[in-house]
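Note sheet for the following structure.
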Amino acid sequence: MTKVVHKFGGSSLSSATRYKAVANIVLGHCKAGDCVVVSAAGKTTNTLVKLWQSYVQQDDKAFNDILLQVENHQRQLLSELFSEASAQSLRSQLQDELVTIAKAANARTLHEATLLAHGEVWSARLLAHLLNTLNVSASDVDARGLFAQHQGQLLHAQNKQACLSQIDTSKINVVTGFIAADCDGNTITLGRNGSDYSATLLANYIDAEAVSIWTDTQGVFSTDPRKVGSAVKYPKVCRVQANLLARLGNPVLHAKTLSPLKDTNIKLQVRSSYEPEIIGTEIVKQGYSKEKRFITTFEELDLIRVEELVNGEVRTLSQLIQHSIHHFSKGGEDYLLVPSNDTHAVATHLQGRGNIVETHLRGVALVAPEYEITQLSQQAAVVLEQQDVVIRFTHSDSNYALFLTDQSIDSDVLAILHDKLVNKGREIAVIIAGLGNVGEVFVEQCQAQIEKLQAAFDLKVVALLRSKEMLFCPSGISISNWQQQWRSESQHYSQADLLERISELDYEHKVIIDITASDAFSDMYPSFVEQDCHLISANKYAGTAPRNWYAKLLEQLQERNLFWRYNTSVGAGLPINFALADLQNSGDKVTRIEGVFSGTLSWLCSSYDGSQPFSDLVIKAQQMGYTEPDPREDLSGRDMQRKLLILARDLGLELDVEDIELEPLMPTHLAQGDWGAFLANKQDLDVFYAQRAEQAARDGKALRYTGALDIDEHGKVAAKVGIAYVESGSAIANLTPGDNIFVITSQWYQQNPLVIQGPGAGKEVTAAGIHSDLYWLTQNLK
Ligand code: ASP
Ligand code: MG
């Protein structure tokens with residue numbers, strides 16, 4: 001049976017609310033036999049370390065204060081999570097343990113690791129109990145019974161046995177992170193932040209399929225997302241780079257975490273317990289992902305030069321200070337980067353072999369693929385100099401470069417570095433669905449567009465899709481001869497195949513461009529968004545879908561910082577959606593939109609002069625290919641009704657299609673029957689139209705078919721699509737046959753409305769409009 005190990009760190013368990021959130025994740029993601037490894041709640045270990053220090057210093061007052069603080073924290077969690085009765089036994093266990101600690105302190109027999117271990121013991125017990133109260137069968141497991149170590153070496157064979165016999169396959173096993181035991185059963189710890197290591201070790205011993213590290217960030221980013229807004233979350237990072245980042249002190253992954261996964265196929269994921277619906281970063285084996293660029297920062301380090309570092313010494317020192325130590329050789333000498341706080345301990349241990357070269361250093365490390373590192377580190381040096389950062393020490397290796405200074409690297413400098421060095425290499429995978437008229441032109445135009453965007457983005461068309469066949473090429477399809485590649489490599493696919501292929505893509509950004517005429521394709525939008533894809537739609541299906549579905553999609557997009565553009569779904573390439581967004585973003589208030597949003601109806605009404613029956617014009621338009629195969633589809637007005645709905649939603653109005661009144665441009669009975677039935681009664685259409693046209697002429701007006709949306713000062717909305725008698729001489733009356741027009745009245749454009757007019761259909765303008773959406777996307781991803 002496949003098992004999964006989930007690990008929740010202190011920040012995921014920092015309050016009763018967070019415990020409940022974790023329990024929810026466990027409910028949704030775990031099955032019997034899985035393991036949940038926990039750290040101590042919140043900053044408990046830090047507090048216990050302080051408790052230990054006060055004990056060492058024999059500061060009784062401080063000791064008692066801190067012990068009380070620990071007690072209060074645990075009691076508060078218990079009382080917020082459980083009823084009085086349900087917490088009874090946990091409370092008395094806690095009480096006993098606190099008494100034991102106090103007694104041992106008095107007797108001067110307190111033991112450091114045993115004291116620290118309480119943090120994890122408490123959180124495992126608490127979470128297991130919480131799961132039980134939610135009717136999930138779970139029990140807490142003390143890792144001191146699983147992981148034994150002798151003289152600094154884990155006893156793998158024995159531990160594996162212990163894990164296999166103690167992990168209960170009928171329950172969820174909540175295992176303490178961070179702690180282990182020596183051969184005599186004394187508690188030892190695996191080093192600060194060691195719970196990730198506990199999780200991967202356990203996964204190795206029980207032969208788990210995967211490990212999920214649930215933390216407080218969404219995954220592994222190009223740089224610290226709290227400091228740099230444009231930091232990129234990488235969907236995949238290879239183990240070698242992850243390891244290097246960990247050794248360089250990147251906080252998401254810890255130094256030893258990856259070692260138990262070596263030579264295994266265990267998958268490792270980093271994801272956020274705060275946003276469990278978001279896919280995180282997968283740490284993959286070498287070769288399963290491209291190498292990426294990262295910038296990490298350091299604070300408060302001392303640089304120590306060591307005479308002849310002996311084998312295994314760095315490990316011993318790391319263990320001594322409970323912190324990973326980065327070490328490297330330069331010019332034949334060995335260096336250690338040690339947290340300033342621990343320099344004393346390290347120097348003492350080195351007994352005069354350590355020479356402190358620099359103290360209180362800060363700095364950055366650049367991690368990048370080998371072929372880029374030389375150039376990038378030169379660029380980094382230039383940027384740092386421009387930012388007046390004086391470098392005191394640098395070191396570069398085949399896949400990283402260090403820059404150390406005694407100045408602080410503030411977030412502005414970090415952002416500039418990131419912008420210049422990391423963002424340049426940003427990649428977007430483009431998936432184009434629909435290779436009809438517009439789709440083919442769009443693909444043709446891609447070549448030139450991709451070159452143009454190259455400076456800021458590396459755009460790759462990775463997939464072309466028709467309804468049943470696709471050409472999928474993760475490294476990019478060569479656009480100039482896609483037809484040929486299509487003929488030799490395209491394959492049948494199902495929706496599941498497509499989603500699977502998309503999930504495997506290793507790009508920073510992905511965008512689906514929907515140029516299909518298929519509502520089944522837009523049904524997949526939520527799944528695309530789940531795969532972190534941006535969306536560009538050229539059709540109206542999703543934009544006019546029922547409000548619930550639509551609102552959910554918007555919410556889902558927002559949660560994941562994804563964009564959805566659909567500029568061409570109304571007025572093809574005309575910049576109507578841009579104009580509406582711009583007006584609103586700059587503080588204007590739109591009060592009315594009126595216009596003709598159908599090329600067919602525009603052509604019919606503007607061409608009619610009474611010299612021939614209206615139905616003749618309809619048939620002529622049909623023959624020229626201006627209409628839908630059955631022109632009644634156009635005459636029904638439904639297409640304009642949907643476009644008006646999209647515009648209304650762009651204004652933030654919560655409408656559904658039925659909220660827009662619809663008056664067709666034909667007598668209702670003509671909508672029935674087949675096209676033959678229509679032709680037999682076409683004179684009814686002629687009379688219908690002629691009567692209204694004459695009426696318009698009598699009033700000195702023009703007959704047009706329009707959509708109109710009004711918002712009054714109380715926010716009340718009236719929307720209608722139908723026949724309108726417009727002032728002759730007005731922009732709508734003078735419309736060139738076939739063109740679309742949008743007349744926008746707003747606070748600022750009140751007397752004299754803003755008019756956008758031009759061809760609202762055609763493959764070239766539509767394809768160009770989709771490129772405009774794609775361009776917009778690249779600009780907004782910056
Ligand atoms: N609780 C331990 C610490 O704070 C272990 C961990 O969080 O992974 O270092
Ligand atoms: Mg922690």
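When a ligand or atom number is given, it counts from 1 through the structure's own listing order. From a predicted model like this one, the values you see are computed outputs, not experimental measurements. If you read the sequence from its start, that first residue is 1, and numbering goes on from there. What you see below is based on every heavy atom in this structure, not just the backbone, and it leaves out hydrogens, waters and symmetry mates.
- Within the structure, the closest approach of Gln322 to ligand 1 does not fall below 4.0 Å when heavy atoms are considered.
- In this structure, Gly10 does not count as a contact residue of ligand 1, since none of its heavy atoms falls inside 4.0 Å of the ligand.
- Taking 4.0 Å as the cut-off between side-chain N and carboxylate O, Arg353 and Glu313 count as a salt-bridged pair.
- Close contacts of ligand 1 with Ser39, meaning ligand atoms under 4.0 Å from a residue heavy atom, involve 6 (C), 7 (O), 8 (O).
- Classified by interplanar angle (parallel below 30°, tilted 30° to 60°, perpendicular above 60°), the ring pair His326/Phe328 is tilted.
- When each atom of ligand 1 is checked for a heavy atom of Ala40 under 4.0 Å away, the hits are 1 (N).
- Side-chain atoms of Thr316 and Leu320, non-hydrogen and from C-beta on, never get closer than 4.5 Å to each other.
- Proximity to Glu120 (heavy-atom distance under 4.0 Å) selects the following atoms of ligand 1: 1 (N), 2 (C), 5 (C).
- Between Phe393 and Tyr335, the gap from one ring centroid to the other is short of 6.0 Å.
- The ring-ring contact (aromatic ring centres under 6.0 Å, His included) check on Tyr234 picks up Phe294, with sequence neighbours excluded.
- Residue-to-ligand polar distances keep Asp196 apart from ligand 1: every N/O pair is separated by 3.5 Å or more.
- Close contacts of ligand 1 with Arg192, meaning ligand atoms under 4.0 Å from a residue heavy atom, involve 3 (C), 4 (O), 9 (O).
- For the pair Asp207 and Lys3, the salt-bridge criterion is not met [side-chain N within less than 4.0 Å of a carboxylate O].
- Here ring pair (Phe, Tyr, Trp, His ring centres under 6.0 Å) pairs that include residues 99-139, with residues two or more places apart or in two chains, are Phe82-His129, His118-Trp122.
- The proximity of His254 to ligand 1, defined as any non-hydrogen pair under 4.0 Å, does not occur for either the backbone or the side chain.
- An N or O contact shorter than 3.5 Å is missing between Lys7 and ligand 1 by distance.
- Residue Phe178 has at least one heavy-atom neighbour below 4.0 Å for each of these atoms of ligand 1: 2 (C), 5 (C).
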